[in-house]
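Some notes on the structure that comes next.
Just so you know, residue 1 is the first one in the sequence shown, and it goes up from there. Read the numbers this way: they start at 1 and go in the same order the structure lists the ligands and their atoms.
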Amino acid sequence: MTDDTLQNRIEQYFAAGPSAIGDPSALPVFEEFRSALERGEIRAAEPDAESPTGWRVNAWVKQGILLGFRLGHLVPSGDSLPFVDKHTFPLRRFSPEDRIRIVPGGSSVRAGAYLATSVICMPPMYVNTGAYIDEGTLIDSHALVGSCAQIGRRVHLSAASQVGGVLEPINASPVIVEDDVLVGGNCGIYEGTIVRKRAVLAAGTILTRGTPVYDVVSGTVLRAKDETPLIIPEDAVVVPGARAVSKGKGQEWGLSLYTPVIVKYRDEKTELSTALEDLLR
Ligand SMILES: CC(C)(COP(=O)(O)OP(=O)(O)OC[C@H]1O[C@@H](n2cnc3c(N)ncnc32)[C@H](O)[C@@H]1OP(=O)(O)O)[C@@H](O)C(=O)NCCC(=O)NCCS
C-alpha cells in the first residue's frame with residue numbers, strides 16, 4: 001500500500017467522526033499507520049525547501065494520531081516491577097473503571113514515536129506519540145519530547161529540558177529542533193518554535209510563540225508572526241535574560257520581564273563548551 005492510500009484512508013476514518021469507533025476496519029488501518037510512524041516512514045512534519053519555514057506540516061498524520069485516541073479504550077498497561085516499600089503505604093491500584101489514566105514507566109516511549117538507531121535515552125524520560133527523533137540524539141534524564149515534535153541528528157536534549165507537543169490545532173506546526181542543536185538543562189521549547197541547526201540554548205532558556213528574542217548581534221527582535229512560528233537562527237547562542245518593562249505600572253515599578261537573548265553566534269568557545277557536553281555521553 002502506498003502512503004497516499006494510507007493517507008486517504010486515515011483521512012476518511014478521521015472525517016467519519018465517532019462512527020469510526022464501531023467500524024472494525026478502522027483499527028487495522030490505524031495500526032498500519034502507527035507502524036509506519038514508528039519506522040519513520042511518515043512524519044507529522046518534514047523538511048520542505050518550498051515552504052517559507054523550510055518545514056511542511058502533514059496535517060493528515062496528526063489526524064491519524066487523533067484517530068488512534070478516538071479508537072482507543074482503556075486497558076491495564078505496563079509491567080509490574082519488584083519495588084520494595086513500607087507495607088503501611090502500598091501503591092494504590094487503579095482499574096479502567098476508575099477512569100483515571102496512568103501511563104506506565106519511569107522512562108517511556110509511546111507507540112507511534114520514531115527513534116532512529118543510536119538514540120540514547122537516559123531515565124526517566126518520556127517520548128510521546130508522533131515524535132520523530134533522528135540519529136545520535138541524546139535525551140537526558142527528566143527530558144520530555146512532546147507529541148509530534150521533530151528532533152534532528154546529534155541533538156543534545158539536556159536534563160529536564162521540555163519540548164512541547166502539539167496535536168491540535170491540526171495544522172499547527174510542531175516544535176522542530178534541527179541537527180546538532182544543544183538544548184541546555186531546564187530549557188522549554190513550546191508552541192511550534194523552530195530551532196535551526198547548531199543553535200545553542202543555554203540552561204534555563206524558555207521559547208514560546210509569545211516570547212520575543214533579542215538578537216544583540218544583529219540588532220533585531222525575533223518574534224512569531226501570524227503564520228510563522230518563532231525561529232531561532234542557525235548557530236545562535238541564546239541565553240536567558242531580562243528586559244525592562246517600558247510602559248505603565250511595570251515601568252513605574254521598575255519591573256523587568258524574562259527574555260531570551262542571542263548573545264552571539266557559535267564561536268570557538270562555544271565549540272569547546274558543547275564538546276565538553278558531548279564528553280558526558
Ligand atoms: C551557552 C553555553 C553552552 C555557553 O556557551 P559559550 O559559547 O561558551 O558562551 P560564553 O561563556 O562565551 O558566554 C557568552 C555570553 O553569554 C553569557 N552566558 C552564558 N551562559 C549563560 C547562561 N546560562 N545564562 C545567562 N548568561 C549566560 C555569558 O556571561 C557571556 O556574556 P558576557 O560576555 O556578557 O559575560 C553554556 O552557558 C550552557 O548553558 N551550557 C549548557 C549547560 C547544560 O545545560 N548542561 C546540561 C547537562 S545535562
Distance col, row Ile133:CD1 vs Ile120:CD1, nearest 0.5 angstrom, shows 12.5 Å
Whether Lys197 and Glu234 form a salt bridge (side-chain N of Lys/Arg under 4.0 Å from carboxylate O of Asp/Glu) is what I want to check. no
So between Leu182, Val239, Leu201, whose heavy atom ends up nearest atom 21 (C) of ligand 1? Val239
Give the atoms of ligand 1, by number and element, whose distance to some non-hydrogen atom of Ser158 is under 4.0 Å. 46 (C), 48 (S)
Val263, Tyr214: one ILVMFWY side-chain cluster at the under-4.5 Å cut-off? no
I'd like the name of whichever of Ala143, Ala202, Ser273, Ser141 reaches closest to atom 4 (C) of ligand 1 through any heavy atom. Ser273
Indicate yes or no: does an N/O atom of Pro240 lie under 3.5 Å from an N/O atom of ligand 1? no
Ligand-side contact atoms (ligand 1) for residue partner Thr270, heavy atom cut-off under 4.0 Å: 7 (O)
For Arg99, is the CZ atom crowded, meaning more than 12 foreign heavy atoms sit under 6.0 Å from it? no
Between Arg43 (side chain) and Ala131 (backbone), is there a donor-acceptor pair under 3.5 Å? no
Gap between atom CD of Gln63 and atom CD of Glu168 - 0.5 Å precision: 10.0 Å
Heteroatom distance test (Lys264, ligand 1): nitrogen or oxygen, under 3.5 angstrom: yes
How does Val200 reach ligand 1, by side chain, by backbone, by both or by neither, if only non-hydrogen atoms under 4.0 Å count? side chain
Consider every N or O of Gly184 and every N or O of ligand 1, then say whether any pair is closer than 3.5 Å. no
Does ligand 1 have an atom that lies less than 4.0 angstrom from a heavy atom of Val263? yes
Is there a donor-acceptor pair under 3.5 Å between the side chain of Asp215 and the backbone N or O of Ser218? yes
Got an N/O contact under 3.5 Å between Asp140 and ligand 1? no
Sub-3.5 Å N/O-N/O distance, Lys269 and ligand 1: yes
Which of the numbered atoms in ligand 1 are under 4.0 angstrom from any heavy atom belonging to Ala203? 39 (O), 44 (O)
Decide whether Ile21 and Leu66 are clustered together by the hydrophobic rule: side chain heavy atoms of Ile, Leu, Val, Met, Phe, Trp, Tyr closer than 4.5 Å, transitively. no
Tyr265 six-ring centre to Arg198 NZ/CZ under 6.0 Å and within 45° of normal: no
Atoms of ligand 1, numbered as shown, that sit under 4.0 Å from any heavy atom of Gly185: 43 (C), 44 (O), 46 (C)
